[in-house]
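Below is one structure; the comments refer to it alone.
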Protein chains: 2
Amino acid sequence: MPVAHDEMERRVEEMKDALRARGMRLTHQRIEVVREIAGSEAHPDAETIYRNVRTRIPTISRDTVYRTAATLVELGCVTRTTLTHGPVRYDANLEHHHHFVCMRCGAAHDIVDPALDKVRASASSAGIGSVETVEVRLRGVCTECERSTGTTRRSRRKT
Amino acid sequence: MPVAHDEMERRVEEMKDALRARGMRLTHQRIEVVREIAGSEAHPDAETIYRNVRTRIPTISRDTVYRTAATLVELGCVTRTTLTHGPVRYDANLEHHHHFVCMRCGAAHDIVDPALDKVRASASSAGIGSVETVEVRLRGVCTECERSTGTTRRSRRKT
DNA sequence: CTATGTGCAAAGCGTTTGCAGTTAG
DNA sequence: CTAACTGCAAACGCTTTGCACATAG
């Protein structure tokens with residue numbers, strides 16, 4: 001499921017501004033990687049970004065994807081997360097949200113739920129440290145995989 | 001913080017039984033890896049297990065650690081988790097629990113809190129899939145790192 | 001004894017890095 | 001123009017695998 005057009009454009013402009021503010025050049029490679037990350041809700045990994053951008057810039061290299069993604073993370077425009085084992089995945093949704101991860105296909109869905117946001121470090125965490133963020137991770141089987149029992153969409157290790 | 005002696009012995013016996021039940025041999029290498037995983041609450045990675053077991057069996061190889069850990073995961077005695085970026089970490093605590101992860105040193109603490117267990121898939125997740133497990137991840141700075149501001153205990157990438 | 005497990009070394013995957021040529025500003 | 005960026009290839013860290021020897025049962 002792609003990000004709504006307006007939201008995507010907003011994100012793209014924000015990232016471009018951040019790059020410019022750092023005095024970094026807006027090369028067409030960078031712009032396409034930015035568009036790819038900003039426009040996806042699937043928390044894509046570097047390989048997926050690379051594959052998709054390659055349809056537009058066939059000469060782009062994986063290195064540029066990795067470097068641009070790392071830059072966006074540094075700039076705070078994107079977060080890296082390890083939702084599944086295997087490659088790091090990039091998330092352009094900066095709103096506070098939670099995740100549902102399919103144990104069969106590895107697909108990830110954002111979950112925005114004010115009820116989950118209430119989960120706060122309670123007495124149990126006292127003495128352990130100071131909590132800065134709370135993320136709820138739901139694991140299960142996505143509706144798509146439930147329908148096609150047995151078949152896996154992508155070969156990604158579960159958990 | 002090590003696991004309580006009795007609990008550790010219970011876990012060790014459970015794992016040995018599971019290995020026997022599968023017709024697998026209880027080699028001294030396997031037993032030491034089992035003891036190491038069962039006795040740690042720190043969610044150690046393969047390298048840490050390897051380093052510690054090596055003090056008892058100097059000739060053990062990393063491969064055996066990986067293989068034994070993989071076997072224990074298959075047998076359901078241990079779970080693999082990626083709490084931080086970097087190496088997979090093993091968790092011998094099968095009780096339902098949550099995690100606090102220090103963003104500075106990467107240390108992980110188990111959190112058992114019935115209040116957190118109440119977090120359930122609410123309306124928001126409807127239509128996404130069927131939820132099987134819920135894990136709450138708290139991120140922040142552990143008390144130890146708060147005390148020694150600036151210094152990091154271990155060099156592990158945060159988040 | 002003999003099937004299983006071990007250590008070794010080599011390969012695998014995802015990712016990072018040094019370099020020389022390329023390009024945005 | 002020239003500093004910044006790219007693509008390449010090589011290196012990296014973590015993990016898995018094929019093989020011949022070693023050992024638990």
Side-chain angles (χ1 to χ4, degrees), chain A residues 15-34 37 43-51 53-54 56-75 78 80-90 106 154-157 159, chain B residues 15-34 37 43-51 53-54 56-75 78 80-90 106 154-157 159:
Chain A
M15 294 187 196
K16 281 188 183 172
D17 288 349
L19 288 167
R20 267 191 288 255
R22 270 274 187 108
M24 305 186 83
R25 293 179 181 169
L26 297 182
T27 62
H28 62 132
Q29 288 94 329
R30 271 192 190 148
I31 292 173
E32 288 308 324
V33 172
V34 160
I37 296 181
H43 310 74
D45 55 27
E47 185 61 28
T48 305
I49 299 165
Y50 171 66
R51 248 196 340 268
V53 171
R54 215 145 70 114
R56 282 165 268 149
I57 309 178
T59 57
I60 200 170
S61 71
R62 251 170 277 256
D63 319 56
T64 299
V65 172
Y66 279 111
R67 277 190 277 234
T68 303
T71 302
L72 294 173
V73 171
E74 258 180 59
L75 293 173
V78 161
R80 358 162 77 208
T81 122
T82 46
L83 294 171
T84 48
H85 294 292
V88 163
R89 295 165 70 159
Y90 300 94
R154 274 177 286 172
S155 58
R156 208 189 280 282
R157 238 182 299 164
T159 303
Chain B
M15 294 187 197
K16 281 188 185 172
D17 287 349
L19 288 167
R20 268 191 288 257
R22 268 276 188 105
M24 306 187 83
R25 294 179 183 171
L26 296 182
T27 62
H28 60 132
Q29 289 95 328
R30 270 190 190 150
I31 292 172
E32 288 309 323
V33 172
V34 160
I37 297 182
H43 310 74
D45 54 28
E47 185 61 28
T48 305
I49 298 165
Y50 171 66
R51 249 196 339 267
V53 171
R54 216 147 67 116
R56 283 165 267 148
I57 309 177
T59 57
I60 200 170
S61 71
R62 251 172 278 259
D63 319 54
T64 299
V65 172
Y66 278 111
R67 277 189 277 232
T68 304
T71 302
L72 293 173
V73 171
E74 257 180 58
L75 293 173
V78 162
R80 358 162 75 208
T81 117
T82 44
L83 294 170
T84 49
H85 295 293
V88 163
R89 296 164 71 160
Y90 299 94
R154 274 178 287 171
S155 58
R156 209 190 278 282
R157 236 181 304 163
T159 304

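Every chain is numbered from 1, with letters handed out A, B, ... down the list of sequences.
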Item to complete: Look at T64(A) and dG7(D) and indicate whether a side-chain polar atom (N or O) is within less than 4.0 Å of OP1 or OP2.
Response: yes
Practice prompt. Can you tell me the distance, in whole Å, between the CG atom of L26(B) and the C1' atom of dT6(C)?
Written response: 15 Å
Practice prompt. Could you walk me through whether I49(A) and T68(A) pass side chain to side chain contact (heavy atoms under 4.5 Å, CB included), step by step?
Written response: CA-CA 11 Å; I49(A) 299 165; T68(A) 303; over 6 Å; no
Item to complete: To the nearest Å, give me how far apart OH (Y50(B)) and P (dG13(D)) are.
Response: 15 Å
Worksheet item: Is R67(A) side chain donor-acceptor paired with the dG7(D) base, going by distance under 3.5 Å alone?
Response: yes
Worksheet item: If only side-chain N and O atoms of Y66(A) are considered, is one of them under 4.0 Å from the OP1 or OP2 phosphate oxygen of dT15(C)?
Response: yes
Fill in: Gap separating the CG atom of L72(B) from the CG atom of L19(B), nearest 0.5 angstrom
6.0 Å
Worksheet entry | Selected nucleotide, minimal atom distance to S61(B) side chain, candidates dC8(D), dC5(D), dC8(C) | dC8(C)
Worksheet item: What closest approach, in Å, do H85(A) and V88(B) show between heavy atoms, and which atom pair accounts for it?
Response: ND1-CG2, 3.7 Å
Discussion item. Strictly below 4.0 Å: does T27(A) bring a side-chain N or O up to OP1 or OP2 of dA4(D)?
Written reply: no
Worksheet item: Taking CZ from R80(B) and C1' from dC14(D), how many angstroms apart are they, rounded to a whole number?
Response: 11 Å
Worksheet, complete the sentence: E74(B) CD to dT16(D) P, in whole Å, measures 11 Å
Discussion item. Using whole Å, what does the distance between atom P of nucleotide dG5(C) and atom CD1 of I57(B) come to?
Written reply: 16 Å
Item to complete: Scan Q29(B) against the nucleic acid and name what it touches under 4.0 Å (heavy atoms): base, sugar-phosphate only, or nothing.
Response: sugar-phosphate
Worksheet, complete the sentence: The reported gap from CZ in R30(B) to CE in M24(B) (rounded to nearest 0.5 angstrom) is 4.0 Å
Worksheet item: OP1 or OP2 of dA24(D) less than 4.0 angstrom from a side-chain nitrogen or oxygen of R30(B), does that happen here?
Response: no
Worksheet item: Just how far, in rounded Å, is C1' of dT15(C) from NE2 of H85(A)?
Response: 18 Å
Worksheet item: At what distance, to the nearest 0.5 angstrom, does CG of L83(A) lie from NE2 of H43(A)?
Response: 6.0 Å
Worksheet item: Hey, which of these two, R62(B) or R20(B), hits DNA chain D nearer its 5' end, going by closest nucleotide?
Response: R62(B)
Item to complete: Specify the separation, in whole Å, of atom CD1 of I31(A) and atom P of dC5(D).
Response: 13 Å
N/O contacts under 3.5 Å, protein versus nucleotides 21-23 of chain D?
residue	atom	partner	partner atom	Å
dT23(D)	O2	R25(B)	NH1	3.2

Response to the item:
To the nearest 0.5 Å, atom CD1 of I57(A) lies from atom CD1 of I31(A) at 9.0 Å
Item to complete: Evaluate the side-chain proximity of V53(A) to T64(A): yes if any heavy-atom separation is below 4.5 Å, no if none is.
Response: no
Worksheet item: Which distance, rounded to the nearest 0.5 Å, do you find between the CZ of R89(A) and the OG1 of T48(A)?
Response: 8.0 Å
Worksheet item: Whole Å only: how far is the CD1 atom of I49(B) from the C1' atom of dC14(D)?
Response: 13 Å
Fill in: Closest-nucleotide ordering on DNA chain C, the 5'-leading residue of E47(A) and H28(A)
E47(A)
Worksheet item: On a plain distance test, is the side chain of D63(A) in donor-acceptor contact with the base of dA10(D) below 3.5 Å?
Response: no
